[in-house]
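For the numbers below, each heavy atom of this structure counts, side chains included, while hydrogens, waters and symmetry mates do not. Letters A, B, ... are given to chains in the order of the sequence lines, protein chains preceding strands, and every chain is numbered from 1.
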Amino acid sequence: MARDTKAALAYIGPAMFVLLIVAALPLAVALATSTTNWHLHRAAQREFIGLANYIRLFGDPRFIYSLRVTLLYTAVSVGVSMVGGFVLALMMRRTFPGRNLVRALLTIPLIMTPVVSATMYRVFFYDADRGLFNWILGTLGLPTPVWVASWPMAFYAICIIQIWFMTPFVFLVCDAAMESLPREPFDAAKIDGAGYFQRIFRLVIPMMRDTLIFALIFRITIDYRMFDTIYVTTRGGPARYTEVMSVWVYNRALRSFDVGYANAGSVVMALVVALICLALMMYNYRRREAVS
Amino acid sequence: MSEQVRSVQRTRFIAPRVERSLITAGHALLVVATLVAALFPLFWVFLGSFKLPADVMRLPPVIIFEPTIANYLTVIRDRFVFFFENSVVISGGSVLLTIIVGVPAAYGLSRLRIRFKKTLMLLILSVRFAPYIIFALPLFLIMSELGLIGHRPSLVVVYTIINLPVVIWLMRAFFDDIPTELDEAAAIDGASRFRTFMSILIPCARPGIATVTILSFIFAWNEYLFALILSGRDSQTLTVGLTRFLGGMEDAIRWGQLSAWSVAIVAPIVILALLVNRHLRRGFTGGLG
């Protein structure tokens with residue numbers, strides 16, 4: 001078969017060149033510098049130190065903690081938003097006047113600038129004395145925590161923002177998938193006397209498996225790398241309790257100037273999420289093979 | 001018919017008609033509650049932006065108050081235009097660049113016979129899913145070395161990393177949907193590949209290109225990490241400008257301004273997003289979901 005090599009160069013070449021500059025080159029620099037002791041204040045003494053940074057990472061409690069809190073944050077936020085988005089999509093199966101408008105409005109959190117959302121939550125909702133959350137809690141006679149300045153409330157605070165931000169995404173994906181499900185199996189199941197929940201768990205979820213796995217992978221990668229909302233809300237604090245990986249790398253590089261070490265951290269960070277995604281894709285693939 | 005079957009099998013404690021209206025009411029309540037949860041923050045910051053310092057953080061919260069545009073006036077005086085211009089130039093420029101290189105690439109990946117097409121597509125996709133900090137920090141090091149921190153054209157190029165993978169994937173799906181018979185007919189008429197691309201495929205894909213442009217603009221506009229690390233002092237965008245307020249903000253005066261600033265950032269993209277709402281999902285997932 002003839003190959004369109006020349007044409008490929010003309011059409012695909014420019015995009016590849018741009019991606020080479022903005023993605024491949026930085027990746028190479030990240031890998032290269034992760035094997036050096038490059039510190040921005042002692043740039044002159046930059047030396048190759050092999051895998052020493054990686055060894056240091058695994059003996060660094062602060063890094064290990066950061067990895068753990070990132071995974072925990074991702075698990076909580078992804079879990080709640082997956083269930084929430086799925087239930088929302090089910091809710092929207094029922095027709096009612098203004099349904100399409102409601103569907104459109106529900107996606108607003110998703111397109112709102114994350115930095116703005118986080119700022120709003122922090123200032124208007126989480127403020128210890130004048131925030132709306134504590135006002136509501138106080139009015140109900142419940143204890144009023146100092147949200148972003150205490151553990152574990154700071155952790156919940158960043159989870160709440162992320163769940164609010166990302167549940168509409170799961171909703172969108174599930175909504176579209178449900179729209180395209182065939183009707184017949186459901187009618188048949190109904191006639192056979194299957195209850196609502198039985199139909200959901202035995203029919204809807206299995207039929208949507210591919211969509212759900214895709215949404216899951218997508219959600220994991222987004223939360224795992226999240227920087228904006230967390231940095232704005234807590235800056236990784238109180239102390240280092242919400243210092244997720246992106247914030248860890250940022251702090252190591254731009255506050256401690258230990259850039260070689262910081263890059264080693266981001267390489268590990270990328271590897272971990274790549275492994276998680278790969279495992280999920282393999283699982284889905286096996287599942288599909290088993291069915292067919 | 002199925003309704004009858006069910007009523008036979010289940011013992012009813014309340015009349016079916018009452019049950020149905022109870023379900024309708026419960027459903028309506030849930031829908032309203034969800035809408036409030038989704039929209040309240042935006043509504044609240046919008047109200048806050050028109051409040052006087054005395055009203056903005058008052059408890060219990062006030063919904064009826066004497067509105068003022070003083071916050072917006074202060075924001076405009078507070079170099080808002082500087083940040084706004086940076087955001088427009090950087091987001092707009094990067095979207096333009098993304099479309100110019102991304103659309104032909106998508107065409108190529110849809111129509112040309114090339115080796116490793118699948119691998120290439122997956123590599124492009126992995127950029128979309130990678131933790132951005134692994135690109136942002138090395139870019140900071142490279143750009144510092146070259147003296148490019150805060151240099152607007154460099155930021156325009158860097159910002160393509162957010163949207164180029166999405167544009168390539170989405171536009172390829174669009175081109176795949178256009179029947180190849182069109183290309184073949186044009187080839188028989190003696191049109192070159194470039195001619196076919198420009199005068200047949202691009203016009204066919206125009207709705208797709210419009211959607212992708214708006215979506216890319218939203219994503220670029222919302223960007224914070226790259227802007228924070230790479231914009232130095234001279235090219236700070238609106239998102240970076242907003243977070244300046246979060247330093248030591250103990251005084252209520254700034255909270256009104258902060259709201260006005262937030263509304264000014266979010267208003268254009270909310271309007272744009274409602275315009276392309278039907279395509280939002282594909283935009284977010286790069287046509288995958």
Side-chain angles (χ1 to χ4, degrees), chain A residues 1-4 7-8 11-12 14-15 18-19 21-23 26-27 29-30 88 91 94 102 104-109 111-117 119-120 123-124 130 132 135 169 172-173 176 190-191 193 211 214-215 218 221 225 227-228 232 246 249-250 253 259 262-263 266 269-270 273, chain B residues 2 5 9 27 30-31 34-35 38-39 41-42 44-45 57 59 61 101-102 104-105 107-109 112-114 127 129-135 137-139 141-142 157-158 160-161 164 168 193 218 222 224-225 239 242-243 255 258 262 265-266 269-270 273-274 277 280-281 284-285 288-289:
Chain A
M1 188 162 88
R3 303 270 173 193
D4 302 318
Y11 286 92
I12 309 173
V18 171
L19 281 177
I21 296 176
V22 296
L27 198 62
V29 170
L88 261 182
M91 242 167 75
R94 215 183 152 87
V102 171
L105 289 176
L106 281 183
T107 59
I108 283 186
I111 51 95
M112 289 235 335
T113 314
V115 174
V116 171
S117 310
T119 308
M120 280 170 4
V123 172
F124 290 112
R130 286 175 286 185
L132 288 182
W135 176 71
F169 169 77
L172 266 182
V173 173
K190 222 169 166 181
I191 290 168
T211 307
F214 162 74
F218 199 89
T221 56
R225 72 178 176 203
F227 176 84
D228 307 11
V232 168
S246 291
V249 175
Y250 179 88
V259 291
N263 273 320
S266 63
M269 179 186 177
V273 76
Chain B
S2 57
V5 174
Q9 287 168 341
H27 182 260
L30 272 175
V31 170
T34 317
L35 265 184
L39 300 180
L42 184 60
W44 197 245
V45 80
M57 291 305 276
L59 291 176
V101 302
Y107 164 81
L109 288 162
L112 300 178
R113 290 172 307 242
I114 43 170
V127 174
F129 284 150
Y132 283 152
I133 192 89
I134 203 171
F135 307 119
L137 173 57
L139 280 168
L141 298 171
I142 298 166
V157 175
V158 167
T160 57
I161 197 173
L164 195 48
I168 292 177
R193 193 197 303 281
I218 294 173
N222 286 349
Y224 179 61
L225 179 62
T239 50
L242 174 75
T243 52
W255 290 349
L258 183 102
S262 300
I265 296 179
V266 162
I269 54 160
V270 167
L274 290 177
N277 193 269
L280 202 60
R281 175 181 50 87
F284 243 88
T285 59
L288 283 166

So for B/Ile218, is it side chain, backbone, both, or neither that comes closer than 4.5 Å to the heavy atoms of chain A? side chain
Between B/Ile265, B/Leu137, B/Leu109, which residue shows the highest count of heavy-atom pairs closer than 4.5 Å to chain A? B/Leu137
Considering only heavy atoms and a distance below 4.5 Å, find which of B/Thr160, B/Asn222, B/Val101, B/Leu35 pairs most often with chain A. B/Asn222
Interatomic spacing from CD1 in B/Ile269 to CE in A/Met112 - rounded to 0.5 Å: 7.5 Å
Pick one of side chain, backbone, both or neither for A/Met91, based on which atoms fall under 4.5 Å of a heavy atom in chain B. both
Quick check on the interface: out of B/Pro104, B/Gly102, B/Ala273, who has the most heavy-atom pairs with chain A under 4.5 Å? B/Pro104
About how many Å separate OH of A/Tyr11 and CZ of B/Arg193, when rounded to the nearest 0.5 Å? 6.5 Å
Selection from A/Ser246, A/Ala253, A/Pro114, A/Ala104 maximising heavy-atom pairs under 4.5 Å formed with chain B: A/Ala104
What are the two closest heavy atoms between A/Val22 and B/Leu139, and how far apart are they? O-CD1, 4.0 Å
Check the angle between the aromatic planes of A/Phe218 and B/Phe129 and answer parallel, tilted or perpendicular using the 30° and 60° thresholds. perpendicular
Pick one of side chain, backbone, both or neither for A/Ile108, based on which atoms fall under 4.5 Å of a heavy atom in chain B. side chain
Spacing of A/Thr119 atom OG1 and B/Leu242 atom CG [to the nearest 0.5 Å]: 4.0 Å
Results of side chain to side chain donor-acceptor pair (under 3.5 Å) for A/Asp228 - residues two or more places apart only: none
Part of B/Ile142 within contact of chain A (heavy atom distance under 4.5 Å): side chain
Would you give the length of the straight line joining atom OG of A/Ser266 to atom CG of A/Leu27, rounded to the nearest 0.5 angstrom? 9.0 Å
Looking only at A/Leu132, A/Val273, A/Leu88, the option with the highest number of non-hydrogen pairs under 4.5 Å against chain B is A/Leu132
Identify, with sequence neighbours excluded, every residue that meets ring-ring contact (aromatic ring centres under 6.0 Å, His included) alongside B/Tyr224. none
Side chain, backbone, both or neither: which part of B/Tyr107 has a heavy atom under 4.5 Å from chain A? side chain
From CE (A/Met269) to CD1 (B/Ile134), nearest 0.5 Å: 8.5 Å
With chain B, the option among A/Val102, A/Val116, A/Val29, A/Val18 that has the most non-hydrogen atom pairs under 4.5 Å is A/Val116
Counting only heavy atoms closer than 4.5 Å, note whether B/Ile168 contacts chain A via side chain, backbone, both or neither. side chain
With respect to chain A, which residue among B/Leu274, B/Leu141, B/Val270, B/Thr239 yields the maximal number of heavy-atom pairs within a distance under 4.5 Å? B/Leu141
Comparing A/Ala23, A/Ala30, A/Ala8 against chain B, the one with the most heavy-atom pairs below 4.5 Å turns out to be A/Ala23
Can you tell which part of B/Leu112 gets under 4.5 Å to a heavy atom of chain A, answering side chain, backbone, both or neither? both
Top contributor to chain B interface from A/Tyr250, A/Trp135, A/Phe227, A/Phe169 [non-hydrogen pairs under 4.5 Å]: A/Trp135
So OG1 of A/Thr221 and OH of B/Tyr132: to nearest 0.5 Å the spacing works out to 9.0 Å
